[in-house]
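Structure record follows, encoded as structure tokens.
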Amino acid sequence: GEDVEQSLFLSVREGDSSVINCTYTDSSSTYLYWYKQEPGAGLQLLTYIFSNMDMKQDQRLTVLLNKKDKHLSLRIADTQTGDSAIYFCAERSNTGKLIFGQGTTLQVKP
Amino acid sequence: DGGITQSPKYLFRKEGQNVTLSCEQNLNHDAMYWYRQDPGQGLRLIYYSQIVNDFQKGDIAEGYSVSREKKESFPLTVTSAQKNPTAFYLCASSPPPGTYNEQFFGPGTRLTVL
């Protein structure tokens, strides 16, 4: 069945780059997403990538997609304390629903 | 301002009581969703609706019920049949298929059973 996996925790120092990884199982996914959740709040879409793309860059964010290995990553350059949050990877299934990973908690140390 | 609102932000319920969580959107979106979030777990889909007067069960629908009488509103009732209802509940909506189908989320309701 459809499944999305992420590591649960990542800790980095302020100013370093953060890389959050995600694997998915549905090879027919058309879009893959990264959402950010701050404590006690809803989810905000950070960025998305279409399945025929390998890379997408948006300011400090870089998304890499390896469709052969079904691997997605989010790189945050120059990580700031305000980037501390939970980051969710999601794939769009062929039914149109989104399948979310467990979320990666990013801790940024000053 | 367009967006999704959920109320209340915090809700306390005694065991055996039903409780209804509100979700309203003014984005003119056709599709609406309810998710449950537990610590260390991703979002699990409870129910979704792609059009008024129609809805489908998600992955964990047991103990929950919904209605979709208006496009703007998709209330979720947590019934006494739900064995472990304490969780953070998130409502979302999305525009029609054919776009990148971003889901817009509300701020969530934290339900605690006493």
Side-chain angles (χ1 to χ4, degrees), chain A residues 1-10 20 22-26 28-53 56 58 63 65 72 85-107, chain B residues 3-11 21 23-25 27 29-51 55-61 87-112:
Chain A
E2 302 151 335
D3 196 17
V4 178
E5 295 281 339
Q6 298 177 242
S7 55
L8 293 183
F9 187 77
L10 176 65
I20 302 171
C22 169
T23 57
Y24 60 97
T25 56
D26 186 356
S28 66
S29 293
T30 51
Y31 289 97
L32 295 131
Y33 308 83
W34 284 104
Y35 280 86
K36 177 183 180 182
Q37 184 183 35
E38 298 192 358
L43 275 66
Q44 292 176 285
L45 181 69
L46 278 180
T47 187
Y48 66 94
I49 188 166
F50 189 50
S51 58
N52 68 353
M53 297 168 67
K56 181 177 181 182
D58 183 1
V63 178
L65 175 60
L72 183 72
I86 303 175
Y87 291 81
F88 289 93
C89 168
E91 63 170 344
R92 179 180 174 181
S93 71
N94 56 11
T95 63
K97 293 187 293 181
L98 295 190
I99 311 298
F100 287 87
Q102 312 95 308
T104 299
T105 298
L106 175 62
Q107 179 190 65
Chain B
I4 301 179
T5 56
Q6 291 185 243
S7 62
K9 188 169 176 64
Y10 298 97
L11 189 57
L21 283 60
C23 177
E24 304 277 332
Q25 54 98 0
L27 299 166
H29 287 167
D30 290 311
M32 296 186 75
Y33 310 81
W34 273 106
Y35 293 92
R36 171 182 170 136
Q37 185 179 17
D38 295 283
Q41 298 192 38
L43 277 64
R44 292 185 288 168
L45 183 64
I46 304 172
Y47 267 98
Y48 65 104
S49 167
Q50 295 183 321
I51 198 167
F55 49 82
Q56 285 80 39
K57 291 182 179 180
D59 301 316
I60 55 163
F88 191 50
Y89 290 87
L90 288 160
C91 178
S93 70
S94 67
T99 67
Y100 60 87
N101 205 52
E102 174 186 354
Q103 289 191 11
F104 294 78
F105 282 81
T109 293
R110 185 165 298 279
L111 173 64
T112 303

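First the proteins, then the strands, lettered A, B, ... as listed; each starts at 1. Small disclaimer: the values here were computed from a predicted structure and weren't measured.
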So, for Y33(B) and A31(B), which heavy atoms are closest and what is the spacing to 0.1 Å?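 So the two residues come closest at OH-CB, 3.6 Å.
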
If I measure from the heavy atoms of chain B, does Q44(A) come under 4.5 Å with its side chain, its backbone, both, or neither? neither

L43(A) versus chain B, heavy atoms under 4.5 Å apart: side chain, backbone, both or neither? both

Check whether L43(B) gets within reach of chain A through its side chain, its backbone, both or neither, counting any heavy atom under 4.5 Å. both

If one checks every heavy atom of Q37(B) against chain A at 4.5 Å, the contacting part turns out to be side chain

Do the rings of Y35(A) and F100(A) sit parallel, tilted or perpendicular, given the 30° and 60° boundaries? tilted

Over 60° means perpendicular and under 30° means parallel, so tell me whether Y31(A) and Y33(A) are parallel, tilted or perpendicular. tilted

Just give me the residue among A41(A), G103(A), A90(A) that pairs up with chain B most often, heavy atom to heavy atom, under 4.5 Å.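 The candidate making the most pairs under 4.5 Å is A41(A).
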
Let's go through L10(A) and L106(A) carefully: what are the C-alpha distance in whole Å and the side-chain angles of both, what is the deciding distance for side chain to side chain contact (heavy atoms under 4.5 Å, CB included) to 0.1 Å, and is it a yes or a no? CA-CA 5 Å; L10(A) 176 65; L106(A) 175 62; 3.8 Å; yes

Hey, are the side chains of Y89(B) and L11(B) touching, using non-hydrogen atoms and a 4.5 Å cut-off? no

